[in-house]
Each structure stands twice: as C-alpha cells, then as structure tokens.
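Okay, so here's the structure we're looking at.
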Amino acid sequence: MDIVTWNVNSLRARMPRVLEFLEERRPDVVCLQETKVVDELFPAEPLEELGYQIVRHGQKTYNGVAILSRHGIEDAWCGFDGDGSDEEARVLGATVGDVMLLNLYVVNGKSVGDPKYDHKLRWMERVAALVQERYPMTEKVVVTGDFNVTFDDRDVYDPDGWRDKILCSAPEREALAAIMAPGLVDALRHFNQDEGVYTWWDFRTRGFQRKQGLRIDHFLVSPPALEAATGVEVDLVRRDGEKPSDHAPVILTLA
DNA sequence: ATGGTCGCGGAGCGA
C-alpha cells in the first residue's frame with residue numbers, strides 16, 4: 001500500500017499536476033494539505049473518476065486538508081474535537097484498512113518570536129496530546145503531513161544560515177519530538193541517512209533550481225507500521241515542470 | 001535585514 005503526503009498549495013490550482021500524479025503512480029492513499037478550498041467547491045469528480053474516495057476538511061483561502069483513498073475510508077473525523085469546529089482546517093483523521101491515519105498541516109509560525117510562532121508551539125502540543133489519546137502504538141499508525149519543522153542539519157540546505165530560524169529552531173524540534181514520544185519513528189530516516197533529502201523549496205529564491213530545500217513533510221509511524229514499511233521516496237518530478245507546488249509529494253510504501 | 005514568487009481575490013496576507 002502506497003501512502004502519499006503532499007502539500008499542494010491550492011488543490012484547484014494544482015489539479016493538472018495532481019491528476020497526472022494519480023494516473024501515473026496510482027497511490028492507494030493520498031493525504032493533501034493546503035487545499036485552500038471550502039468543501040462545497042472541492043473538485044471531487046475528476047478524483048472520484050480515478051477511483052478515489054474522498055474525505056475533506058476545508059476553509060476559504062487558507063489551510064485545508066483532505067484524504068483520497070482507493071480503499072474504504074472509515075471513521076473519518078476532523079479538527080481537534082473531531083467535529084471540524086477549529087478556526088483553522090489543519091487536522092483530519094481516518095482509518096483505511098488496518099492503518100490509522102492522521103493528516104496534519106502544522107502551523108508555519110512565520111518567524112521565531114512572532115505571535116504565530118507561539119501559536120505553532122501551542123498547536124503542536126495539542127497534536128501531541130491528540131496522538132497520545134487517540135493513536136495506540138500497538139496499531140499501524142501513520143501520522144503524516146506538512147510539519148513545517150526539520151529534524152536536524154541533514155534536512156537543511158544551509159544549516160548555519162538556518163540555525164535557530166523558523167522551521168529549524170530547537171523548540172519546534174522539541175515539539176515534534178513530543179508528538180513522537182509515544183513511539184513514532186521518522187520513516188524516511190529509517191531507510192535513508194543521507195543529507196540533502198528535501199520536500200520543500202522556496203518559490204521566492206527559486207530554491208528548487210538551486211537545490212536549496214528543506215525536509216519538512218514527514219511520515220511518523222508506529223512500530224507495527226514501521227515493520228510493514230519497505231521504503232520512503234520523494235517524487236521530485238512533481239516539483240519540476242509546469243505550475244508545481246512548492247512541496248514535492250512523499251510516498252511511504254507498506255507491504 | 002530585505003526581497004525574491006506563488007495563490008487567493010481582487011488589496012494585502014500567508015507561505
């Protein structure tokens with residue numbers, strides 16, 4: 001089973017690239033972030049025609065998460081309270097087969113010290129509590145999405161330039177570790193110790209062309225899910241070409 | 001330190 005995480009930076013703007021990706025790779029499950037579309041305007045039909053069931057949790061202009069699946073989606077819920085009552089649409093949970101999914105679009109935080117940064121740290125604390133309460137590590141758990149946090153220098157093209165900056169600060173990394181504390185593992189690092197594996201490149205600096213990126217999109221998996229995992233791959237083809245997102249899709253394969 | 005480019009929505013904000 002292939003599970004994808006992809007921050008598409010507007011689903012409607014990205015539809016040609018998303019459809020091309022789905023047709024070529026036929027992934028089983030796709031967790032999308034930054035759909036930037038209210039549920040009533042979600043472009044479901046072309047995705048359903050490719051065989052995908054859809055659960056979505058969107059809002060106007062900003063944020064928005066969705067899960068596409070070629071297999072039955074069960075027990076879907078959204079927002080910290082499970083009812084979509086959050087101000088920001090960033091949390092979507094569901095079960096597909098024996099895999100418990102949590103799809104997250106973590107707060108960006110703007111810059112260290114900004115009020116949005118404090119909001120990010122508090123928001124991540126709520127995620128940690130949610131994982132602890134609702135995701136037993138004895139199950140196949142996959143917590144994925146755009147975390148807007150790097151793990152270490154290997155995830156950063158210019159570690160000294162980014163030292164203690166947003167996406168790289170110690171408090172953010174500690175908040176990420178707290179989410180993983182019950183027993184989640186960074187699946188990509190289990191398979192690949194190389195530096196320079198990135199998932200996001202800034203539009204403004206033409207980061208992709210300059211090979212200047214960060215790894216901020218992750219798969220955090222429980223021991224049973226790690227046992228089933230056979231690899232994690234970043235699909236760089238999707239970051240190149242016509243009207244790409246600023247993120248590449250990341251693909252986790254489970255046996 | 002700032003700006004650079006996208007997307008949304010139709011100016012300025014968020015990333």
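Order of the sequence lines sets the chain letters (A, B, ...), proteins ahead of strands, with each chain counted from 1. Please read all numbers here as calculations on a predicted model, not as lab measurements.
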Give me each pair satisfying salt bridge (Lys or Arg N to Asp or Glu O under 4.0 Å) with a member in residues 212-227 of chain A, each pair once, sequence neighbours excluded.
A:Asp155-A:Arg215, A:Asp186-A:Arg215
Nearest whole angstrom, please: distance from the [atom2] of [N] to the [atom1] of [X].
{"X": "A:Asn108", "N": "B:dG14", "atom1": "CG", "atom2": "P", "answer": "11 Å"}
{"X": "A:Leu167", "N": "B:dA15", "atom1": "CG", "atom2": "P", "answer": "11 Å"}
{"X": "A:Asn63", "N": "B:dC8", "atom1": "CG", "atom2": "P", "answer": "14 Å"}
{"X": "A:Arg12", "N": "B:dC8", "atom1": "CZ", "atom2": "P", "answer": "6 Å"}
{"X": "A:Ile166", "N": "B:dT2", "atom1": "CD1", "atom2": "C1'", "answer": "18 Å"}
{"X": "A:Met15", "N": "B:dG7", "atom1": "CE", "atom2": "C1'", "answer": "16 Å"}

Hits for salt bridge (charged side-chain N to carboxylate O under 4.0 Å, His left out) against A:Glu88, two or more places apart or cross-chain, chain-then-number order -> A:Arg90
Contact between A:Leu220 and A:Thr144 at the side-chain level, heavy atoms closer than 4.5 Å - yes or no?
no
Within-4.5 Å side-chain heavy-atom neighbours: A:Ile3 and A:Val30
no
Residues touching DNA chain B, which here means a heavy atom under 4.0 Å, drawn from residues 208-220 of chain A:
none
What are the residues of residues 144-162 of chain A, sorted by number, that bring a heavy atom to within less than 4.0 Å of DNA chain B?
none
Rounded distance in Å between the [atom1] positions of [N] and [M]:
{"N": "B:dG14", "M": "B:dG9", "atom1": "P", "result": "14 Å"}
{"N": "B:dA11", "M": "B:dA1", "atom1": "P", "result": "32 Å"}
{"N": "B:dG7", "M": "B:dT2", "atom1": "P", "result": "25 Å"}
{"N": "B:dG3", "M": "B:dC8", "atom1": "P", "result": "24 Å"}
{"N": "B:dG10", "M": "B:dT5", "atom1": "P", "result": "23 Å"}

Per-pair distances, 0.1 Å, donor-acceptor, side chain in residues 106-116 of chain A, under 3.5 Å, sequence neighbours excluded:
residue	atom	partner	partner atom	Å
A:Asn108	OD1	A:Lys110	N	2.8
A:Asp114	OD1	A:Lys116	N	2.8

Taking for each residue the nucleotide of DNA chain B with the nearest heavy atom, is it A:Lys165 or A:Lys60 whose nucleotide lies nearer the 5' end?
A:Lys165
Where at least one partner belongs to residues 12-32 of chain A, residue pairs that pass ring pair (Phe, Tyr, Trp, His ring centres under 6.0 Å), sequence neighbours excluded:
A:Trp6-A:Phe21
Which residue pairs pass the ring pair (Phe, Tyr, Trp, His ring centres under 6.0 Å) test with at least one member in residues 27-49 of chain A, sequence neighbours excluded?
none
Residues in ring-ring contact (aromatic ring centres under 6.0 Å, His included) contact with A:Tyr52, at least two apart in sequence or another chain
none
Is it the case that the ring center of A:Phe80 lies less than 6.0 angstrom away from the ring center of A:Trp123?
yes
Show the distances under 3.5 angstrom between N or O atoms of the protein and N or O atoms of nucleotides 10-13 of chain B.
none

Contacts of A:Asn9 that satisfy side chain to side chain donor-acceptor pair (under 3.5 Å) - sequence neighbours left out
A:Lys36
Please write out each protein N/O paired with an N/O of nucleotides 3-6 of chain B under 3.5 Å, distance rounded to 0.1 Å.
residue	atom	partner	partner atom	Å
B:dG4	O6	A:Arg204	NH1	3.3
B:dT5	O4'	A:Phe203	O	3.4

Which residues satisfy the side chain to side chain contact (heavy atoms under 4.5 Å, CB included) test with A:Asp158, sequence neighbours excluded?
A:Asp160, A:Trp162
State, without any angle test, whether A:Thr205 and A:Gln212 hold a side-chain donor-acceptor pair at a distance under 3.5 Å.
no
Taking any heavy-atom pair under 4.0 Å as a contact, classify A:Arg239: base, sugar-phosphate, or nothing.
nothing
Taking the six-membered ring of A:Trp77 as reference, does the NZ or CZ atom of A:Arg134 fall below 6.0 Å from its centre and within a 45° cone about the axis?
yes
Carboxylate-amine/guanidinium proximity below 4.0 Å for A:Arg17 and A:Glu20
yes
